[in-house]
Amino acid sequence: MSAFAFAFPAVLTALVLLPVIWWLLRLTPPKPLTEVFPPFAILASIMKREETPAQSPWWLTLLRMLMAAAIIFAIADPVFNPRTNTLASSGPLALVIDNSWASATDWPQRIDTASTLIDDAESRDVPISLVLTADRQHDAVPVDAATARNRLAAAEVRPLPADRASAVASLRTALDGTAPGTLAFISDGMAGGETDETVSALQALSPADFRLIAGDGAPAVAITAASNGADALSVTLTRLDGGPARSLPLTAHDSRGRPIATGTADFATGSTTTTGTITAPFELRNDFARITIDGLANAGGTYLLDDGFRRRRVAFLSGEVVDASQPLLSPLHYINRALAPYADLIEPSVADLSVAIPELLEQNPSVLIMADIGRLPEDVQAEVQRWIEAGGMLIRFAGPRLAAAPADDPLVPVMLRKGERALGGALSWSEPQPLSAYPANSPFAGMRAPEGILVKRQVLAEPTPDLAERTWASLADGTPLVTTGPLGSGRLVLFHVSAETGWSNLPLSGDFVEMLRRTVQLSRGGGVSNGNGAETQGLPPYRLMTANGTLAAATGEAKPLAAGNATRAIASFDNPPGLYGTEDGYVAHNLFPPGHEIRPLAVAEGAAVREPLAGKETWSLKPHLFTLAALLLLADCAIVLFMGGAFAAAARSMPKRGATAALLLALMAGALAALPSESRADDAKPGDENILSRLDTTHLAYVVTGEGEVDRISERGLAGLTEFLTYRTTLEPGEPVGIDISRDELSLYPIIYWPVSASAEMPSSAAISRIDAYMRNGGTVLFDTRDQFVSLDGSSTSPNTERLQAILASLDIPPLEPVPTDHVLTKAFYLLANFPGRYAGSPLWIEAELDRAEDPSRPARAGDGVSPIMITGNDFAGAWAVDANGMALLPTVPPDEVQRDHAFRAGVNIMMYMLTGNYKADQVHVPALLERLGQ
């Protein structure tokens, strides 16, 4: 295999054209000349000489040559570590491809590898025999390359282990004694069973060239078991590569696929198995439907959980007669209360044990609880024993009947002494005994040390060598409280006290609930077969796992699953991994049974030529060369534009834009210079630096009266109106500005809000003169007496109105009138009939139009001017004022949010009137214009 080669070396002959390209690139359009006016100099130079193209710079020609060379080399397709066609042509190409669950992570590379081999076979006119080891049926008859490509395109990953024996047998039959030329085994690297003879069987076909193609095997990880412990879910994993340490994140999903809990599993260096944990409360673990390994979307990285993993069905019965009037004396009462949140409880409908117990077992429970039941009828005892041996759990509670039962009872985990040990009896203790700490081998380990639990009566166990191993809980004197023992595939558990409070106060404690819950959790989920042969009928496929680890509807190929094989058999074609049963109840059948370990495929040294999957080493320079050519083309375009003066023209336009801005500043400076001398003297004072900052946008201004509360309401009122204008109109004013009318520049603001206050200092005559000049130059002052008085003639006047009259006495103001109903102010933005503020009783006074009486039918207002003065007593700022959160500071009078909204609308109309004049008054002519135009 060469380290470097060209896929199309003939294209390199185009390099001989580079000198021609060099000659062509020498010519370039002349650079435009820049001549200084007058035009006679240009006209004089036109006829001097004939224009000829100038030569391009050598470095520009070199850049273009490099671009052409890059394109030629890219078309030739230089490849590092190229593959060479070394297929043996003595026989057909035999492709054996593992499409098992482990190949899902690198399936595209496997397809590319097989496609490359098919291309090689086509170039040598060699037929191809293709088999997929995880398919149910195989057609290994040699075919042409086109047919092989179609079959390869239809191939897909299966959520199953590879069945190589049947694939090799089909290949052997199809070849019918013909030795293949090249036999390529694209393997997942995993052994199939205890003894995998695949390599030996393929070698027996006598290929001229035997290749073993596989990936590194590091991603092959599978979950083989999940156990719901007392405090966490334990997940067992196995991996193919026992290499360096590796940590894998685990996620538990509910039945809808939502992640609800996470955990980790850590592989030690060199280890191929590990156990991870997902810690979650019992109630949350009840919702687990599947466990996945993050980043490994295949059947091995997904473990399904069935109904039995969550809630158990528990049957219970008692030897005592149930007294409905005294439930606290019944042992079943405490058992029911303890297990009801965690299990489905079923009770017998009759008291006869020979009828009740078979009736309960017919309902396929996971656990059977018997409280103080001594000897059972022989036929019932045998049936219960068979049920336990099949995987059931029997939990018994002591009582007088059990204490009097024969010692050879096979349904107790330990030998019992006849009779019970009671406080004050023959085998008594001087005082009730507490519980000791739970041993480490007990499922109760991890619970807090029992406190306050006292036992005054119990049944004793005969001392035996294995008594300590069978004890899950004991009293302080060492006598057992809870013992256990196996019976076939099931388990026996005995509480040596009664299930009610007659023998101990254990049923009243929280430990009783937790002990029962943990014990029931150890039972087999999904129930236990009653031995009547129902399990032989099989469970129909309900949901089957796909190759990426998700569930889909069952197909017609899957067969019913024998209930006993759900957790003991490896998934197969007949029973792929998935859920078997019905919507009412199902069993999870996973890819591997508990305890299974995946191992690498054993290949003797020198038995086959090992190769990696395609795309591991070979890579082409073509895309990089095309990218280089594109970059050189962009650079050439930029250089040509630069030489043509495009960037220079843009640079020359920048000073023009700067000159325009300077001209605007000069005009504004001239306007300021045109102000009266007093204003210029005032402007020369500190504060001029704020003028330019207030020219960028419109600001609402208010007169600073010197009274803190009045000025605060004015500032917050104009801030509220500014926010309302920003969100309701295209006008976006800046922050409100408080001004001193005796010093600040007034011409920057279209309107000034003046809250009149009788207790504030009277403005000086110079300040009033500045206000008068401001109104004459087009500004408007909105006086707000905030007293709701209408009259301005001196009768019934408030102190604020008197102060306003004193101010107006020094101003040259026009006649005033309330806003007419057809005035522009009533329709500048909103249609308004009045202009309320915090109060609603005062009209808004504006400049009167004296010609109204001359033509009362006039449809529009006369002028385009704006009233220089507005007067109200409705306290606009009080209605507009809001805090930092946008909440109103003052209530309206009367309290009415509609009135406040109308106050904001009045403010919007005033601002639009100030900025646009009465242009909207012309809209009344629209009907006449449309009629004139014939619309």
Side-chain angles (χ1 to χ4, degrees), residues 700-703 705 707-725 728 736 751-760 780-808 816-821 823 825-826 828-848 867 869-883 886-914:
L700 307 185
Y702 63 94
V703 175
T705 64
E707 296 184 339
E709 182 62 19
V710 174
D711 294 340
R712 184 179 75 88
I713 295 299
S714 297
E715 190 274 332
R716 295 314 306 164
L718 294 188
L721 179 59
T722 296
E723 182 177 354
F724 193 88
L725 285 165
R728 297 298 179 91
I751 186 170
I752 297 175
Y753 177 77
W754 190 333
V756 180
S757 176
S759 58
T780 298
V781 180
L782 172 57
F783 293 96
D784 193 342
T785 60
R786 302 169 291 128
D787 55 7
Q788 198 178 350
F789 283 92
V790 177
S791 177
L792 296 175
D793 57 1
S795 62
S796 303
T797 57
S798 68
N800 288 354
T801 302
E802 292 176 355
R803 172 57 60 87
L804 174 61
Q805 291 174 348
I807 295 173
L808 297 182
L816 303 178
E817 67 175 349
V819 176
T821 57
H823 196 273
L825 268 172
T826 63
F829 193 85
Y830 293 104
L831 297 178
L832 299 177
N834 50 40
F835 298 85
R838 190 178 174 212
Y839 312 105
S842 174
L844 178 63
W845 295 81
I846 60 172
E847 179 184 1
S867 175
I869 185 171
M870 297 183 184
I871 300 175
T872 185
N874 284 338
D875 191 6
F876 281 164
W880 300 335
V882 295
D883 59 14
M887 303 301 294
L889 292 178
L890 301 174
T892 61
V893 179
D896 185 3
E897 289 304 314
V898 175
Q899 178 177 325
R900 189 184 305 278
D901 183 68
H902 285 187
F904 276 110
R905 295 188 179 191
V908 172
N909 277 25
I910 291 173
M911 283 303 301
M912 293 301 170
Y913 170 65
M914 293 305 306

* Side-chain (Arg838) to main-chain (Ala877) donor-acceptor, under 3.5 angstrom -> no
* Checking side chain to side chain contact (heavy atoms under 4.5 Å, CB included) for the pair Leu700/Met911: CA distance, chi angles, key distance, verdict? -> CA-CA 9 Å; Leu700 307 185; Met911 283 303 301; 3.3 Å; yes
* Minimum side-chain heavy-atom gap Pro820-Ile846 below 4.5 Å -> yes
* Begin from the C-alpha positions of Val893 and Asp875 and carry the test side chain to side chain contact (heavy atoms under 4.5 Å, CB included) through to its verdict. => CA-CA 10 Å; Val893 179; Asp875 191 6; over 6 Å; no
* Asked: So how far is it from Leu721 CG to Arg728 CZ, rounded to the nearest 0.5 Å?
  -> 12.0 Å
* side chain to side chain contact (heavy atoms under 4.5 Å, CB included) involving Asp896 - partner list, sequence neighbours excluded -> Thr892, Val898, Gln899
* Taking C-beta and beyond as the side chain, do Trp880 and Thr722 meet within less than 4.5 Å on heavy atoms? -> no
* Indicate the atoms forming the closest heavy-atom contact of Asn874 with Asp784, along with that distance. => N-OD1, 3.8 Å
* **Distance, nearest 0.5 Å, that separates CG of Leu890 from CD1 of Ile713** => 4.5 Å
* Ser757 side chain reached by Arg786 side chain, heavy atoms, under 4.5 Å -> yes
* Asked: Relative to each other, are the rings of His823 and Tyr913 parallel, tilted or perpendicular (30° and 60° limits)?
  -> perpendicular
* Asked: Atom OH in Tyr702, atom CZ in Arg716: separation rounded to 0.5 Å?
  -> 10.0 Å
* Structure fact -> The reported gap from CD in Glu817 to CG in Leu844 (rounded to nearest 0.5 angstrom) is 11.0 Å
* Asked: At what distance, to the nearest 0.5 angstrom, does CD of Glu802 lie from OG1 of Thr785?
  -> 11.5 Å
* Asked: For the side chain of Asn834 and the backbone of Pro843, is there at least one donor-acceptor N/O pair under 3.5 Å apart?
  -> no
* Is any side-chain heavy atom of Tyr830 less than 4.5 Å from a side-chain heavy atom of Val908? -> yes
* In Å and rounded to the nearest 0.5 Å, what is the CZ to OG1 distance from Phe835 to Thr826? -> 6.0 Å
* Structure fact -> Closest heavy-atom pair, Leu889 versus Asp883, reported as atoms and distance to 0.1 Å, is CD2-CB, 3.7 Å
* To do: Quick one: closest heavy-atom pair of Pro736 and Ala719, and the distance?
  => CG-N, 3.4 Å
* Asked: Donor-acceptor pair, Thr780 side chain versus Ser867 backbone, under 3.5 Å?
  -> yes
* Closest non-hydrogen atom pair between Leu808 and Ile869, with its separation -> CD2-CD1, 3.8 Å
* Take Phe876 and Leu782 through the side chain to side chain contact (heavy atoms under 4.5 Å, CB included) test and state the conclusion after the steps. => CA-CA 10 Å; Phe876 281 164; Leu782 172 57; 3.7 Å; yes
* Under 4.5 Å between any side-chain heavy atoms of Leu832 and Val819, yes or no? -> no
* Asked: Closest approach of Gly720 and Val882, non-hydrogen atoms and distance?
  -> CA-CG2, 3.7 Å
* To do: Provide the closest heavy-atom pair for Ala760 versus Glu707 in the form atom of the first, atom of the second, distance.
  => N-OE2, 3.3 Å
* Could you list the residues that satisfy salt bridge (charged side-chain N to carboxylate O under 4.0 Å, His left out) with Arg900, not counting sequence neighbours? => Glu897
* **With Asn800 via side chain to side chain donor-acceptor pair (under 3.5 Å) - residues at least two apart** => none
